[in-house]
Amino acid sequence: MTFEAIKALDEQYVMHSYGRNQVAIDHGKGATLWSVDGKEYIDFTAGIGVASLGHADEGWLKAITCQAARLSHISNLFYTEPYALTAQKLCTRTGMSNVMFGNSGAEANEAMIKLARKWSFDKYGKGRGTVITLRNSFHGRTITTLAATGQDKFHNYFFPFTEGFRYADANDIESVEAVAGHDVCAVMLELVQGEGGVLPLDQEFVTRVADLCGKRDWLLLIDEVQTGVGRTGTLFAFQQYGVQPDAVSFAKGIAGGLPFGGVMANEKCRDVFSPGTHGTTFGGNPVAAAGACYVLDRMDEAFLDQVLEKGNYIRRAVEEMALPCLGKTRGLGLMIGVEVRGARTNQELAALLVEHGLLVLTAGPGLRFLPPLTITKEEMDKGLAILRETLA
């Protein structure tokens, strides 16, 4: 189909809840994509951090194809091998105790909030269900995870929002203590605030929040939907901060492009969910879990070291360009934010780059790069050349 034909179908039959770029992507390989018109694009988005191994990775394709030929789905009333192996790989590499599987980041965060509130109810009874989150955070688009999100612009239209959230300032332990109370059960953090602008939290702040959770008997919840699964140069970002959370959510890159996510719990929280207290039809899907097993097997120490090297390479190159419309970079690994300066907005710059063959994202007031973790130096250089030539 032509771009015009696809766009016409979208206009007629799809709810317009997205502001789409004027491109229809047809296929890809690695970090390179091609539109239905045959134009080549370098992908600095990875489907918003989802295509962790790039597009059409041969080993990943073989893993999910073989599993689809054996069993595509069966309910969670039965055991299957792929989800059990995925859980083992996650727990042995993180020090967590067990896993509840779901399908998306918002669903994973919702499960993590439910886990925290039930843990507190089981131990203390009613009246201790408040979760502290940070201003400028983003935790999802369900009613509850929108309420957890610490940005006023998301708290509109969908009233009434779920109660039980209070917001503190990032990197300000006094702000956290100021909103504390006897009704608090947990603190939930993104270690790098993604949608808020790719803003890493300070090490000292995270350490002090973890200490405060221990003193107050609150759970420390880490939202790793975007930072997890190798994105920041370690399997999970919390491993760089030297803290051990009570629960960790994950999604996006875990299955290399298929819908998959979940929440890991520590030993203290491993038995919070009993049969019937939480569930999902598709969680632990065999095909998606087979993809996740392959992704995790690929992410050994050497692979993760390369993620750090690639992130440093892109950040250094962008800053050395000294483009008037761009400023400093920030982030961890291949989760990169770029400051935008001047008269043009980040959305205008992103649209211009897409037009010239480089797919990028926005976050907060800046640009955001989340390329496939397998991006090659040749692909990085092509993308950086488009960036330089387009924005000079």
Side-chain angles (χ1 to χ4, degrees), residues 19 21-23 28 30-33 39-49 51-52 54 136 138 170-171 190-203 205 226-227 230-234 237 240 304-392:
N21 290 286
Q22 298 303 296
V23 179
T32 305
L33 296 164
K39 183 175 178 179
E40 181 180 293
Y41 295 84
I42 299 298
D43 184 9
F44 274 18
T45 73
I48 315 185
S52 50
N136 205 47
F138 181 84
N171 300 320
E190 297 169 280
L191 295 174
V192 182
Q193 293 187 325
E195 299 293 330
V198 191
L199 305 170
L201 297 184
D202 294 342
Q203 173 68 67
F205 173 73
Q226 191 166 151
T227 55
R231 175 56 56 185
T232 64
T234 47
Q240 295 185 48
L304 295 170
D305 286 344
Q306 289 179 6
V307 171
L308 291 172
E309 292 172 6
K310 292 172 184 178
N312 290 334
Y313 181 80
I314 291 175
R315 291 181 62 183
R316 185 168 57 249
V318 171
E319 294 194 0
E320 288 176 353
M321 290 177 193
L323 295 169
C325 59
L326 300 182
K328 293 289 187 179
T329 65
R330 55 186 175 267
L332 292 175
L334 281 170
M335 185 175 180
I336 300 169
V338 185
E339 180 186 0
V340 168
R341 299 173 174 174
R344 287 187 170 180
T345 67
N346 58 347
Q347 292 183 345
E348 289 172 330
L349 294 183
L352 190 62
L353 290 167
V354 171
E355 182 182 340
H356 286 81
L358 176 64
L359 305 189
V360 301
L361 300 161
T362 60
L367 296 178
R368 175 175 40 159
F369 302 157
L370 301 173
L373 305 183
T374 54
I375 190 170
T376 64
K377 184 175 183 299
E378 180 184 5
E379 289 170 324
M380 287 189 290
D381 287 342
K382 280 186 178 181
L384 292 166
I386 296 170
L387 183 76
R388 182 177 57 252
E389 294 164 8
T390 303
L391 302 185

[atom1]-[atom2] distance between [X] and [Y], expressed to the nearest 0.5 angstrom:
{"X": "Leu334", "Y": "Leu373", "atom1": "CG", "atom2": "CG", "answer": "6.0 Å"}
{"X": "Thr234", "Y": "Asp305", "atom1": "OG1", "atom2": "CG", "answer": "10.5 Å"}
{"X": "Arg315", "Y": "Glu320", "atom1": "CZ", "atom2": "CD", "answer": "12.5 Å"}
{"X": "Arg344", "Y": "Leu391", "atom1": "CZ", "atom2": "CG", "answer": "8.5 Å"}

Given side chain to side chain contact (heavy atoms under 4.5 Å, CB included), test Val198 with Gln193 step by step and report yes or no. CA-CA 5 Å; Val198 191; Gln193 293 187 325; over 6 Å; no
Within the side chain of [X], is there an N or O that forms a donor-acceptor pair under 3.5 Å with the backbone of [Y]?
{"X": "Asn136", "Y": "Gly196", "answer": "yes"}
{"X": "Lys328", "Y": "Glu339", "answer": "no"}
{"X": "Asn171", "Y": "Asp202", "answer": "yes"}

Does the side chain of Phe44 reach to within under 4.5 Å of the side chain of Ile336, using non-hydrogen atoms? no
Measuring only between side-chain heavy atoms, which start at C-beta, is Leu326 closer than 4.5 Å to Met321? no
Tell me the closest heavy-atom pair linking [X] and [Y], and the distance in Å.
{"X": "Thr232", "Y": "Thr227", "value": "CG2-O, 3.5 Å"}
{"X": "Ile375", "Y": "Lys310", "value": "O-NZ, 2.9 Å"}
{"X": "Gly54", "Y": "Thr374", "value": "N-OG1, 3.6 Å"}
{"X": "Ala170", "Y": "Leu201", "value": "CB-CD2, 3.9 Å"}
{"X": "Arg231", "Y": "Ala46", "value": "NH2-CB, 4.1 Å"}

Counting only heavy atoms not in Lys39, do more than 12 fall under 6.0 Å of its NZ? yes
Please check if atom CD in Glu40 has more than 12 non-hydrogen atoms from other residues, nucleotides or ligands closer than 6.0 Å. yes
Extract all donor-acceptor atom pairs below 3.5 Å that involve side chains of residues 351-372 and protein atoms in other chains or at least two apart in sequence.
{"residue": "His356", "atom": "ND1", "partner": "Leu352", "partner atom": "O", "Å": "2.9"}
{"residue": "Arg368", "atom": "NE", "partner": "Thr362", "partner atom": "O", "Å": "3.3"}
{"residue": "Arg368", "atom": "NH1", "partner": "Glu195", "partner atom": "OE2", "Å": "3.1"}
{"residue": "Arg368", "atom": "NH1", "partner": "Gln226", "partner atom": "OE1", "Å": "3.0"}
{"residue": "Arg368", "atom": "NH2", "partner": "Glu195", "partner atom": "OE1", "Å": "3.4"}
{"residue": "Arg368", "atom": "NH2", "partner": "Glu195", "partner atom": "OE2", "Å": "3.3"}
{"residue": "Arg368", "atom": "NH2", "partner": "Thr362", "partner atom": "O", "Å": "2.9"}

Between Thr32 and Glu379, is there a side-chain donor-acceptor contact under 3.5 Å, judged purely by atom types and distance? yes
Pairs flagged by side-chain hydrogen bond (donor to acceptor under 3.5 Å, both in side chains) wherever residues 383-392 is involved - sequence neighbours left out: none
